[in-house]
2 protein chains.
Amino acid sequence: MSSSLDSGPDAGLGSGSSSGWFTEVFDSHGSAFSLKVTEKLHEVQSPYQHLEVYATETYGNLMVLDGCVMLSDRDNFLYHEMIAHPALFTHAAPRRVVIIGGGDCGTLREVLRHPGVEKVTQIDIDEEVTLAAERFFPALTASNDDPRAELMFADGVQWIEEAGDESVDVLIIDSTDPVGPAEGLFKTDFLRRCHRVLRPGGVLVQQSESPLYHSGTIIRELRRDMREAGFDSVATLPFPQPVYPSGWWSVTLAGKALDVTAFRETDVTAHELPLDYYTVEAHRGALALPPFMRRLLEE
Amino acid sequence: MSSSLDSGPDAGLGSGSSSGWFTEVFDSHGSAFSLKVTEKLHEVQSPYQHLEVYATETYGNLMVLDGCVMLSDRDNFLYHEMIAHPALFTHAAPRRVVIIGGGDCGTLREVLRHPGVEKVTQIDIDEEVTLAAERFFPALTASNDDPRAELMFADGVQWIEEAGDESVDVLIIDSTDPVGPAEGLFKTDFLRRCHRVLRPGGVLVQQSESPLYHSGTIIRELRRDMREAGFDSVATLPFPQPVYPSGWWSVTLAGKALDVTAFRETDVTAHELPLDYYTVEAHRGALALPPFMRRLLEE
């Protein structure tokens with residue numbers, strides 16, 4: 001390690017440059033994270049957002065949407081395992097799964113590892129994300145040809161509005177931050193519709209930002225909104241995620257006529273999925289929130 | 001959040017400037033972490049290292065040694081709780097505790113929360129660290145007047161060399177990285193002496209770098225060295241630490257005639273210590289390593 005006061009990670013990277021550093025500044029939290037990049041591999045302005053892919057020196061490929069890091073080859077396993085497996089092992093027997101967002105297809109891949117799942121529909125508004133994932137993150141899209149997988153490029157909010165009552169077992173909101181195209185996914189009306197679409201015993205899971213930065217704000221509000229939308233139980237699970245603000249992230253589960261603070265522990269212990277992070281102990285440990293979070297989340 | 005390509009966190013902080021960003025670059029890992037600083041509060045070149053204290057916009061005060069972030073007001077609770085409590089709750093009844101390093105006194109404070117502890121000696125080579133902590137991190141040094149606390153400013157390696165056989169219950173190596181003044185603390189000879197100094201049933205705990213960056217290197221070697229030094233069991237516990245490289249850190253415990261993969265769970269559940277992170281579930285969850293770490297640590 002070495003410090004850098006006079007010249008920083010950004011010094012070498014002019015806009016459009018192909019070498020230097022990529023930096024994401026978290027303005028409201030006074031912190032920033034940088035990765036050394038060797039090349040900009042891809043850049044496209046979709047109707048919804050600005051998408052870039054960089055080759056980094058040590059994190060593999062890096063996808064960036066509107067300047068925010070979405071995922072890297074090196075550490076996306078943490079997020080994708082934690083948004084998929086806790087929810088699927090909390091539901092008693094998930095067969096029908098819907099993913100809103102998730103265009104990089106990493107969550108889809110994890111869901112399809114569950115042999116009991118009969119159909120997964122992924123609805124991302126922006127096809128450019130999936131096209132970029134196919135080219136630059138082929139490991140994540142490796143399951144896209146699974147006959148159980150259905151990929152749609154459409155407005156997830158509208159899809160949920162039109163979906164049949166009690167038609168889904170697990171609903172995964174794998175979105176960007178609650179600004180820009182994903183804003184509608186963090187509203188009570190949307191959560192009410194999610195509740196309607198879920199079968200009894202169903203699970204909703206949503207990425208829910210940083211335990212350090214957002215426990216007293218976004219996470220607390222999301223949990224309150226989930227309860228107001230009719231869900232009977234909520235559980236926030238923190239996990240490490242180096243490329244996201246503070247290096248610490250979370251998902252929040254909500255149960256419809258189901259307690260999401262319990263899960264199929266025996267099945268988790270017995271599974272032979274090729275996972276890198278998720279275990280029965282990781283799930284249990286995450287369910288028991290750190291005391292500082294418990295205090296901030298108190299409603 | 002916003003991205004920054006043309007001008008980065010460092011742009012505003014010239015050496016000696018009092019406003020802008022402080023950035024730590026992790027060269028060998030191609031990443032960097034930055035905090036917005038409002039003022040440099042303190043700077044001193046000790047005989048051992050270069051010490052700086054900054055006021056940050058959102059992390060409180062920040063201590064930096066030789067350009068590496070040591071701790072911030074905002075998130076030091078994670079490190080200090082995890083280097084102290086797992087070790088103390090693993091030992092059956094710790095009375096005599098020794099801290100090598102730890103000059104900021106945050107670990108000392110956590111150790112003194114255990115009423116059964118009769119004496120804690122902290123041996124840091126650099127008194128400037130403690131002087132800076134007293135001025136700029138008074139919460140951490142709040143227990144320094146406890147009659148059970150002894151602060152020494154001396155060479156920890158030599159102190160261990162001269163310490164009596166089987167005279168210590170818990171030995172905490174709260175050091176900087178294994179380069180510079182702390183290099184001698186990561187060597188097998190030193191670990192052998194630690195083993196000699198510990199009573200049977202004793203616990204050694206050492207900070208052991210990033211699970212993401214160092215599982216296959218520093219952590220793996222430390223665990224092997226601990227076993228070679230005579231310890232009967234080892235356990236590496238990961239935990240989040242936003243200001244450290246990758247935002248994910250670890251401590252490694254080693255037991256002398258003791259299994260460090262078990263701990264006094266009932267006592268942890270019963271305690272009423274004012275903690276922010278450590279719980280019985282956090283300890284259990286940390287003990288069960290993520291599969292990717294298990295594979296990298298396999299000896």
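Chain identifiers are assigned alphabetically (A, B, ...) following the order of the sequence lines, protein sequences preceding nucleic acid strands; residue numbering begins at 1 within each chain. Remember, predicted model here, so these are calculated numbers, not experimental data.
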Residue list, side chain to side chain donor-acceptor pair (under 3.5 Å) with A/E272, at least two apart or on another chain: none
Gap separating the CD atom of A/E57 from the OG atom of B/S28, nearest 0.5 angstrom: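 Between atom CD of A/E57 and atom OG of B/S28 there are 10.0 Å.
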Distance in Å, B/Y277 OH paired with A/L289 CG, rounded so as to fall on 0.5 Å steps: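 The CG atom of A/L289 is 10.5 Å from OH of B/Y277, to the nearest 0.5 Å.
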Check each atom of [X] against the heavy atoms of chain A and say whether the ones under 4.5 Å are side chain, backbone, both or neither.
X	value
B/F239	neither
B/T56	neither
B/Y244	neither
B/L212	both

Chain B contact via A/L78 - which portion, at a heavy-atom distance below 4.5 Å: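 Interface part for A/L78: side chain.
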Option in A/A282, A/P240, A/A286 with maximal non-hydrogen atom pairs under 4.5 Å from chain B: A/P240
Contact leader toward chain B among A/S246, A/P238, A/G285, A/S210, where contacts are heavy-atom pairs under 4.5 Å: A/S246
Relative to chain A, which of [options] shows the most heavy atom pairs under 4.5 Å?
options	answer
B/R74, B/E281, B/H29, B/M293	B/R74
B/W248, B/F33, B/Y278	B/W248
B/T58, B/D276, B/V280	B/D276

Non-hydrogen atoms of B/L35 and A/S31 that approach each other most closely: CD2-CB, 3.7 Å
Least distance between heavy atoms, B/T279 atom then A/P291 atom: CG2-CD, 3.6 Å
